[in-house]
Amino acid sequence: MPELPEVETIRKGLAKVLPGRKINEVEILAPKIIKKPSVPVFRRKLLGSRFTDIRRRGKYLVFDLDPAGCLMVHLKLSGRLIYLPARRVPPEKYLLALSLSNGSRLYYQDIRRFGGFSLFEKDPLPDLKLGPEPLSREFTPEYWRKILAGRKTRVKPFLLDQKFVAGLGNIYVSEALFRARIHPDRPVYSLSAKEQARLYEAIQSVIREALACGGTSIQDYVKADGTNGSFQERLFVYRRKGEPCLVCKRPISVKKDGSRSTYFCSRCQK
DNA sequence: ACCACAACCTGGCCGC
DNA sequence: TGCGGCCAGGTTGTGG
């Protein structure tokens with residue numbers, strides 16, 4: 001489901017409730033979602049550990065646990081993290097539950113079961129081959145210019161590649177390209193300096209606004225308290241095939257990139 | 001370097 | 001009601 005704004009919204013929600021809580025029970029209903037170490041070791045290390053912090057990098061979340069280490073989660077397409085206070089009815093079809101020291105629980109749901117958990121002794125984030133966060137100091141116009149220079153690939157797959165900028169997925173790539181008025185099939189090297197600058201700004205603005213909305217809830221994504229984000233109300237092109245462009249009224253187009261849909265306005269995006 | 005495709009899974013929706 | 005086909009926000013590995 002989730003791209004940077006969704007994962008960050010979940011992180012913020014959990015950062016309010018998890019730090020200081022101790023894990024008293026570990027319930028694993030789908031062993032395959034535990035990637036490493038083995039399920040018994042995973043369970044043993046988590047039991048009795050305490051949450052100290054929750055961090056995000058791109059679409060990855062890391063729960064810092066004392067003394068277990070770093071619990072890394074990727075939600076892939078349909079993973080959900082739901083926190084419920086004590087004595088609340090569990091969510092449907094959860095795959096993992098952590099019972100915490102105040103009676104609350106953290107649940108993991110994942111219809112498609114692509115997501116998973118890994119436990120590390122040391123921080124795994126520095127080893128991930130991810131580009132800069134789009135709202136960080138490292139994401140400078142100079143970096144942007146350098147990374148675009150001479151690149152032959154088309155701009156849509158380029159923006160999806162996490163090693164150039166971390167955190168964009170299918171929704172925000174479509175939306176950023178619309179805002180920048182750039183056609184998704186343009187080769188990266190063909191972008192003018194003005195278009196490069198527009199795209200840079202568009203990436204930052206769409207991520208900033210989606211964060212302010214608590215993310216985009218379309219199918220599976222909900223915040224950690226189970227409520228919806230609201231950026232779906234502000235999408236210009238994503239999932240709007242055939243509906244009028246909000247700028248020029250022409251019906252929104254969709255094209256397939258491999259198996260993935262790209263939405264765009266054929267009049268506004270050149 | 002780049003592209004296309006498959007794999008990992010399940011469920012919802014549409015048309016017949 | 002039922003069934004087949006298609007769709008879905010991500011990542012990784014293959015082969016060309």
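Each chain gets a letter, A, B and so on, in the order the sequences are listed, and its residues count up from 1.
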A:K256, nearest nucleotide to its side chain (from C:dT11, C:dG9, C:dA8): C:dA8

Closest to the A:Y60 side chain, choosing from B:dC2, C:dT11, B:dT10: C:dT11

Ring centroids of A:F114 and C:dT11 base under 5.5 Å with planes under 30°: no

Lys/Arg-Asp/Glu bridge criterion (N-O < 4.0 Å) met for A:R55, A:E8: no

Test item: side-chain donor near acceptor, A:K156 and A:T262, under 3.5 Å: yes

Proximal nucleotide (of C:dG9, B:dC2, C:dT11) relative to the A:T153 side chain: B:dC2

5'-most by nearest nucleotide on DNA chain B - A:S259 or A:R154: A:R154

First of A:I111 and A:G258 reached from the 5' end of DNA chain B, by closest nucleotide: A:G258

Pair assignment for B:dT10, Watson-Crick or G-U wobble, requiring both distances under 3.5 Å: C:dA8

A:T216-A:Y172 side chain donor-acceptor pair, cut-off 3.5 Å: yes

Any donor-acceptor N or O pair under 3.5 Å, side chains A:Q232, A:Y238: no

N/O (side chain, A:Y238) to phosphate O (OP1/OP2, C:dG9) under 4.0 Å: yes

Out of C:dG9, C:dA8, C:dT11, whichever nucleotide has its closest atom nearest the side chain of A:S261: C:dA8

C:dA8 phosphate, OP1 or OP2, under 4.0 Å from A:K76 side-chain N/O: no

Any A:Q162 side-chain nitrogen or oxygen under 4.0 Å from OP1 or OP2 of C:dT11: yes

Selection from B:dA4, C:dA8, C:dT11 that lies nearest to any side-chain heavy atom of A:D257: B:dA4

Closest listed nucleotide, where the reference is the side chain of A:K152 and the choices are B:dC2, C:dA8, C:dT11: B:dC2

